[in-house]
Amino acid sequence: MNRLKVLQAWLWCVSLWPCWLSHAVPLDCKDETGSLTQCTSISQEKLLDRVIQHAELIYRVSEESCTLFEDMFIPYPLHALRNQGGNLCHTKPFPIPGSKSEIQQISDKWLLHSVLMLVQSWMEPLIYLQTTLSRYDDAPDALLNKTKWVSDKLLSLEQGVLVLIRKMLDEGILTSSSIFEHTLTPYNEQSPEVLESILRDYNLLICFKKDAHKMETFLKLLKCRQSNKLSCLSY
Amino acid sequence: MYLSVYVNNNIYKLRGPHFTGCRSREQETFRCWWSAGIFQNLTEPGALRVFYQTKNFLSEWQECPDYTRTVKNECYFNKTFTQIWTSYCIQLRSVRENITYDEACFTVENIVHPDPPIGLNWTLLNVSRSGLHFDVLVRWAPPPSADVQMGWMSLVYQVQYRVRNNSHWEMLDLESGTQQSIYGLHTDKEYEVRVRCKMSAFDNFGEFSDSIIVHVAQIPSKESTFPTTLVLIFGVIGVVILLVLLIFSQQQRLMVIFLPPIPAPKIKGIDPELLKNGKLDQLNSLLSSQDMYKPDFYHEDPWVEFIQLDLDDPAEKNESSDTQHLLGVSRSGSSHVLNFKSDDDSGRASCYDPEIPNPEDLASLLPGHSGRGDNHPLVSRSSSSIPDLGVQQTSEVEETPIQTQPAVPSWVNMDFYAQVSDFTPAGGVVLSPGQLNSCPEKKKEEENEKKIQFQLVSDGAYTSENTARQLSASVPPSPGPEQGYQTFPTQAVEGNLWNGEYLVSTSDSQTPYLLPEAPPAPILPPVSDYTVVQEVDAQHSLLLNPPSSQPAICPHSPNKHLPAMPTMPMGYLTPDLLGNLTP
């Protein structure tokens, strides 16, 4: 198990290696002909808009995945679980406030970092989710495709947030893998019971949807602050 | 708490105190309501209490922060107590009995029902050409309570419309913006439009906004008829243009169909231009080769009468007397007046219908008919033609009903020309016997001619039976040829008889009388009875041929056909040729 943890940590470090070089190595983009060229510069507003679009899409797709899973595998009486907002979502290193007034008081830095943290915390669980859903007998293809799509989009969202952090906050990011070790633990255990595993997956989907909503809300608040500071401040 | 009651095959569930619902309008506050149910003893306020618990690090139950005073059984959670992304659980308890009647768990964002949008209005986009349909653009504003600007709530809207007082609402797709177009509405119908919203990725719609009325009056159908008339006009113009083009392109063919060309007078092989501009020689050569042309040509010239004689039966010709010949000829001549044949023709009368003499034509030939006085069949042909004439006449006799002459009078004995010695008062012409020539076969005819003087009536030379006898009586008996007189035809032509007058021409004495047995007569004396007009000089005087040229006139061969008309016979002048010669 330790070896596995080390391996996962190493994998995470490798996957986050470009972030360490984010200062020195600019991102490569593909232009129309397909060759790699240096990315064209984009304004901060446009980047933020694109990041928000990503977040919105991810949020919508997560909701659809949740609905699909619920219709397929969850008995009707347990649909109320959805309204409960998911129990036992994997804990975060620091609590995120839930009230509007509190959120409005969060600084930009915290907003961005929170988003980044959320994005990064969901990368592995989504991979796990893909594997589990593929093991289902009647899992609809739409569900699997959506889950796959969300995983990909999450990566690009992370890239965008990193750029935003660098641009808006003028700081580099050094992420430590220790954060993710804690989060990965609960998902490595296989439950023998079918219903329990189903419920756990269902809970995972619900939690992801909630966190996607958080990402979107924070980013939108950030955008509001960028454009019109007065209306976005708490009153 | 449920209590099932079975009444009349129906199960009714009777419920105790329970939550009836929780709602948030703007994701910042929320309210919950409950009902006492069938337990009426719990309706007084304070009997039931609400406790809530958040699942965020707080495990103790807390009581409702605010029981609304104005509304019964309502618990209000204000901003400070509202957290999103947090699960709430609420319980309905009867404190006195310490019974929890109901419990519910939720997160605030899942119970958000946004307020209805405000400011719904519509603008007309366009009206269809027919005036029956129109499109509108509907606009609204998000509910003021929802903080969309901050992004606290992301709303999507749904527009619904229906025909007024209809029961069915048309629903359009969700719209994340604040405007939407409605297409295909009917004019003259009133429509109701309303809009509601919900949070994106959530299922709870808010209340509907107030409905607005959309109505567009139908424009009168003047516009609809306008394009119809235009189409009609353009269609008619197009058809007319097409017809004109068709007519112009097919002009020639149409002309042929509607106005068929009148066949111009045309002779095969003869170019009309040549006739207009051609020289005389060319014309003559042309016309000689034409069968059709001669008769008309001859017809214009009453002087000319070309009679073809067939010498195949000379015996027949010799049988008839001169008089008979003359008479027969004259009789047939009347037919010949209109009967013109080509030289190569055997002289069939049937080839030319107009040449069958009509009774009126014959009547015109009678004396007293001065109008046709020109048509004197006085020309005697050359002896060569006479034998032909005989047969010709016989053939004519066979074919023409008028000709009944059995005998074949021949003019074999006749000369080519006969001199007119005198005119009768009635307009008849008296011929003198032709001049003697070297042709021996003509001797008899010449003798007869000398002796017999017959009058030629204007319409033809014929004689009645009486006159014939007279003639024969006056003639000294002579063999053979004179007997021909006896057999002259008794033809009576319409009652018109020869008037019987005849004059003995004293000028005949000029020609020597020769007995048939006599040797051939010497050549004519230098002064002949007639000469041929050679030409007309400028003073319109006639220049005559020398008489020595006359014997040459006599044709040597009876078989010799007369030359074609276009080739000018020696010494003979036709009127049109005369016209050509006129300076």
Side-chain angles (χ1 to χ4, degrees), chain A residues 48 52 55-67 70 79-89 91-92 95-104 111 118 206-207 209-235, chain B residues 19 21-30 32 52-59 65 77-90 102-113 142 144-156 174 176 198-204:
Chain A
L48 190 55
I52 287 169
E56 276 180 341
L57 276 171
I58 289 167
Y59 176 52
R60 233 174 272 161
V61 171
S62 68
E63 198 267 342
E64 289 165 11
S65 306
C66 198
T67 311
E70 183 182 277
H79 283 190
L81 288 173
R82 193 176 180 184
N83 286 343
Q84 295 180 11
N87 304 320
L88 300 173
C89 289
T91 57
K92 315 234 181 351
I96 294 174
S99 67
K100 182 185 174 187
S101 53
E102 290 175 1
I103 291 167
Q104 279 178 330
L111 284 174
L118 285 166
I206 295 169
C207 291
K209 179 193 165 186
K210 192 161 67 174
D211 287 346
H213 189 219
K214 285 182 196 172
M215 288 183 240
E216 183 190 340
T217 308
F218 291 163
L219 288 167
K220 282 188 177 173
L221 178 61
L222 196 66
K223 179 175 165 58
C224 181
R225 285 187 188 167
Q226 295 293 316
S227 57
N228 190 356
K229 293 222 167 177
L230 289 171
S231 60
C232 301
L233 291 173
S234 60
Y235 49 86
Chain B
F19 284 108
C22 292
R23 276 202 180 187
S24 170
R25 285 171 56 228
E26 72 287 77
Q27 208 175 358
E28 295 169 33
T29 64
F30 68 97
C32 286
Y52 74 94
Q53 181 189 30
T54 61
K55 294 285 178 84
N56 275 355
F57 306 110
L58 292 171
S59 304
F77 294 80
N78 59 15
K79 286 183 188 179
T80 51
F81 293 101
T82 308
Q83 287 184 3
I84 59 173
W85 303 313
T86 312
S87 296
Y88 280 80
C89 283
I90 52 172
D102 199 3
E103 186 175 349
C105 294
F106 54 87
T107 53
V108 176
E109 60 266 25
N110 282 321
I111 58 165
V112 174
H113 295 258
S145 60
D147 194 355
V148 266
Q149 197 172 12
M150 187 191 129
W152 185 244
M153 290 172 71
S154 305
L155 295 176
V156 290
L174 294 175
S176 58
K198 74 174 179 77
M199 291 227 296
S200 69
F202 289 98
D203 306 327
N204 303 317

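Side-chain atoms are counted along with the backbone in the values below, which use heavy atoms only and exclude waters and symmetry mates. The chains referred to below are lettered A, B, ... by the order of the sequence lines, with proteins before strands, and numbering in each begins at 1.
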Nearest 0.5 Å, please: how far is CD in A:Glu102 from OG1 in B:Thr80? 9.5 Å

For A:Leu222, is it the side chain, the backbone, both, or neither that has a heavy atom closer than 4.5 Å to a heavy atom of chain B? neither

Portion of A:Lys209 that has a non-hydrogen atom of chain B nearer than 4.5 angstrom: side chain

Kindly write out the residues that satisfy side chain to side chain donor-acceptor pair (under 3.5 Å) with B:Ser154, not counting sequence neighbours, or none if the list is empty. A:Glu216, A:Lys220

Rounded to the nearest 0.5 Å, what separation is found between the NZ atom of B:Lys79 and the NZ atom of A:Lys100? 6.0 Å

Taking the six-membered ring for Trp, are B:Phe202 and A:His213 parallel (under 30°), tilted (30 to 60°) or perpendicular (over 60°)? perpendicular

By side chain to side chain donor-acceptor pair (under 3.5 Å), which residues pair with A:Arg60, not counting sequence neighbours? none

Atom of B:Gln83, atom of A:Ser99 and distance for their closest heavy-atom approach: CG-N, 4.0 Å

In this structure, OG1 of A:Thr67 is separated from CG of B:Asp203 (nearest 0.5 Å) by 6.5 Å

Nearest heavy-atom neighbours spanning A:Tyr59 and B:Ser200: CE2-O, 3.7 Å

For A:Thr217 and B:Gly151, work out which heavy atoms get closest and say how close. CG2-O, 4.3 Å

Can you name the closest pair of heavy atoms from B:Met150 and A:Cys224 and give their distance? CA-SG, 3.6 Å

